[in-house]
Amino acid sequence: MPVHTVKCASDLDTSVPPHFQRISISNLKLTSDCVHRSVKGEVVQKGPVVSCRQTDHLLKAVIQDKDTPSSDTSQQTSISVIFFGTLAKDFSQTVSQGDTVLLSGFTISKSPTEQTDRLHPCLLEMSSIDACVYVHSSKLFVSSGPAVVSSESRYTYVPLNELKPSRIVNVYGVVTFFKQPFPTKGTDYCSTLKITDQSNAKVSCTIFSESLEDHPKIFRIGDIIRLHRVKAQMFNGSMTLLTTLGWSTITFDGMIDSPIEPRTSSRTFHFGEDDNRAVEALRQWAASQFLANEPTVPLSSVQPRMFFDLTCQLLAKASMDTRCMLLKVWDGTKCAHPLLNVAVAPDALEGESSPSRDRENMIANVLVYDNHVEGASKLKPGMFLRLYNLHAVTQRAPEQSADCASPLCFHLHGGTSYGKGLCVLPSDSPELQPLKRMMGIHVAVAAEDEVNDATLLDVWYTPPEALCEVVNEDFYTVRTCGHALQQVSLAHVKRSTTPVVCHVRAKVKSYQPQNLYQCLKLFCPQCTTLVEVPNDEVIARVFQHALRVNQPCSEHWAVTSSVDSISMHVSCEMVLSNTHTQLLFLQGVALDEMCVISAAHSNVVPVRSDDGRMRLLDFPAPFLFSRDKRYYGCKQCSRCTFVEPEVSGVEIWDEHNVAKALGVQLMQYALLIKFELEDETGTLEALIWEDAERFFHVTAAAASACQDSQDKVQAIMDRLHPPGSSMAERPWLDLCLNAYTVEENGRTQVCYQITNTEARGNLCTPQ
DNA sequence: GTTTAGGATTGG
């Protein structure tokens, strides 16, 4: 085989005949002699095996010279290598990212991708009969029982003080400065940031991407960022990092003890125990260095002339001219200085701005200029924002006399200096909690004002006893839709022609199912089938049945290891390739054994044998166990049998690509509850379903596996409908209702669904 | 040899 593994790194150099001469990557030229020459480097990128008509198979990798100290940025130490035919397959199976390889028998050609990948102008081709790869694996194999699984990280991270020019590296860092992505003069957006780590080195990073989604989601100084495949470079005497082809990033909140949740738009990213440790260590270190994030300045602390960051909710916006947009925002606090009200025609204003809050100095008028107008125009009322480097400017309203205190207006000046910019914060950000709490208090107070306002009495009447509740109530719901709709009665909704969206205010008279575990369903996005989650008894029977007919099975594509009657199968393509070892096929176990084994593994597929062939277990058994989660396939939409899982090209296994590789249609977890709503005008049955996750602030998948999530749903239900409570004691809920017709058994029926609504406030059940 | 940018305001 033309790929040879050596045990020890030093053996690499002696693996080729002594008359072979090593050339460093930076010295390679198109005209270099390739006969009896070798090249050594670390595999920094490894692509999948691709089929191609002329040569059957090929694989592209990038290797980097780690031996030659490179202080000169003009030196190119990374080069692309193409492996052809069986060598491509052997390389794919034997070599992993991070391994060191020594290549001989290559030819040199011009790199067609030099311009796009910014790598070496040359390319190595490994196709001739003499082509040979010697590899020293960086991996440590951990063997325990039948499961040969190595769970070590596939990435190494370079401390920021050890960066060497023109090396492609992975790094972790704490953000000490950042700009929101801004358009460049080229085709991309650019994010500029500065990061540091325990080595105390400070490194500027420049991130280019055409897609805003791919830019790091940095919200504040102290956030922690992970960058993969970025290139170190000297600029103006300082080390910098620059994105290269194939770069990626994820970001984390920097606060100690906050959940370690990667912020990314990518569906497939590697994240393991090592990452948890790296984030935790950086958080601790950042706190000790006082790099940790300070809360932003609330409106109540803003002073004239200051520059500050504001976390707020958008109430309304209006375009002033092509280079200026007005945002009316609040954060639930009252400004100590009078606030300027920029008047706009009501029909030019998108969203609503309550006059009562305006009177109370709670609504800030922000004028957003120039380059920030693009981002501001995408904002919708209701969104939570962070505005960076706002300028508090005193400005006299035209009608105001000179002796009055000049009111404050806020400017987001053009340009990006000092990080000027804005971003949308996810509405479930933990850091929005204090803000939402303040807002909640004022929403309740404002509700009282509005009912007292004669002009609103004809829109809605709230019985006097409910008023006290509203003021004291610290649990409520909010609509997040931004529809500018007048609130209507349930009777009005029932009279309306479908489809229609309505805003209502109602209480929960009853709900179904009473047992909350029954509200968890499985939904097939393909055929829209909705089924109950199978209980353990049913699943255990499927496992037992498979055990009774358990026979050895062997598949040409898999390597099998057995202990007693338990067999574990791993695809040949994955068995040595560290990138893929997470997908295991387990045969001959009972359900409880499966649960024990899968508790420690991300992706375990239970299988049985059928005439010596491997088969998935029958429905309704889950096709995948992933730690404490179980995933099910749709009986109608899944292929009945799979012949061979398609494992090529998958870097990280999750329920989506496991389902795809097995030909299974993945069913989604969903929460479904039927409410009977009531107001003075009648009752109406409404489902909460498509927006249930948003309403309860949990994912259905989490609710399937985690007690905390189930408790959260229960706590919210207990606030909407306290056990043993009278109607008068239950809270009024602001709801967005969708009325639509469905056809069932030839009959059309009107259905109501609660959408765009979130439960908010204190979830402790009142005594 | 990098497409772009390479932090650093004060205004409408």
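The figures here come from the full heavy-atom set of this structure, side chains too, leaving out hydrogens, waters and symmetry mates. Just so we're on the same page: letters track the sequence lines, and every chain starts at 1.
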Practice problem: May I have all residue pairs that pass ring pair (Phe, Tyr, Trp, His ring centres under 6.0 Å) and include part of residues 239-263 of chain A, sequence neighbours excluded? | Solution: F252(A)-F271(A)
Practice problem: Mind jotting down which residue pairs meet the ring pair (Phe, Tyr, Trp, His ring centres under 6.0 Å) criterion with at least one end in residues 295-340 of chain A? Sequence neighbours excluded, please. | Solution: F307(A)-H391(A), F308(A)-F410(A)
Can you tell me how far [atom2] of [N] sits from [atom1] of [X], to the nearest Å?
X: D321(A); N: dG11(B); atom1: CG; atom2: C1'; answer: 13 Å
X: Y369(A); N: dG12(B); atom1: OH; atom2: C1'; answer: 4 Å
X: K231(A); N: dT3(B); atom1: NZ; atom2: P; answer: 11 Å
X: K420(A); N: dT9(B); atom1: NZ; atom2: C1'; answer: 4 Å
X: L387(A); N: dT9(B); atom1: CG; atom2: C1'; answer: 16 Å
X: L245(A); N: dT3(B); atom1: CG; atom2: P; answer: 12 Å
X: I79(A); N: dG1(B); atom1: CD1; atom2: P; answer: 17 Å
X: D214(A); N: dT4(B); atom1: CG; atom2: C1'; answer: 16 Å

Exercise. In whole angstrom, give me the gap between the C1' atoms of dT10(B) and dG6(B).
Key: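 Their C1' atoms lie roughly 23 Å apart.
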Quiz item: Ignoring hydrogens and angles, are the base of dG11(B) and the side chain of H411(A) linked by a donor-acceptor pair under 3.5 Å?
Solution: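 No, no donor-acceptor pair under 3.5 Å.
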Quiz item: Considering residues at least two apart in sequence or located in another chain, which fulfil the ring-ring contact (aromatic ring centres under 6.0 Å, His included) criterion with Y388(A)?
Solution: F178(A)
Self-check item: Test ring-ring contact (aromatic ring centres under 6.0 Å, His included) applied to F91(A) - qualifying residues, sequence neighbours left out
Solution: F83(A)
Self-check item: side chain to side chain donor-acceptor pair (under 3.5 Å) against R323(A), all qualifying residues, sequence neighbours excluded
Solution: D370(A)
Give me, pair by pair, the N or O atoms of the protein and of nucleotides 5-8 of chain B that are less than 3.5 Å apart, along with how far apart they are.
unit_1: dA5(B); atom_1: OP1; unit_2: K185(A); atom_2: N; d: 3.4

Quiz prompt | Flag side-chain contact, heavy atom, 4.5 Å: P262(A) against F269(A) | solution = yes
Exercise. With heavy atoms under 4.0 Å as the rule, sort Y189(A) into base, sugar-phosphate or nothing.
Key: nothing
Quiz item: Any idea how Y155(A) and H270(A) line up, ring-wise: parallel (<30°), tilted (30 to 60°), or perpendicular (>60°)?
Solution: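 Ring orientation of Y155(A) relative to H270(A): tilted.
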Self-check item: Among dG12(B), dT9(B), dG1(B), the nucleotide that comes nearest once only the side chain of P121(A) is considered
Solution: dG1(B)
Self-check item: Most 5' of E210(A) and H413(A) on DNA chain B, judged by nearest nucleotide
Solution: E210(A)
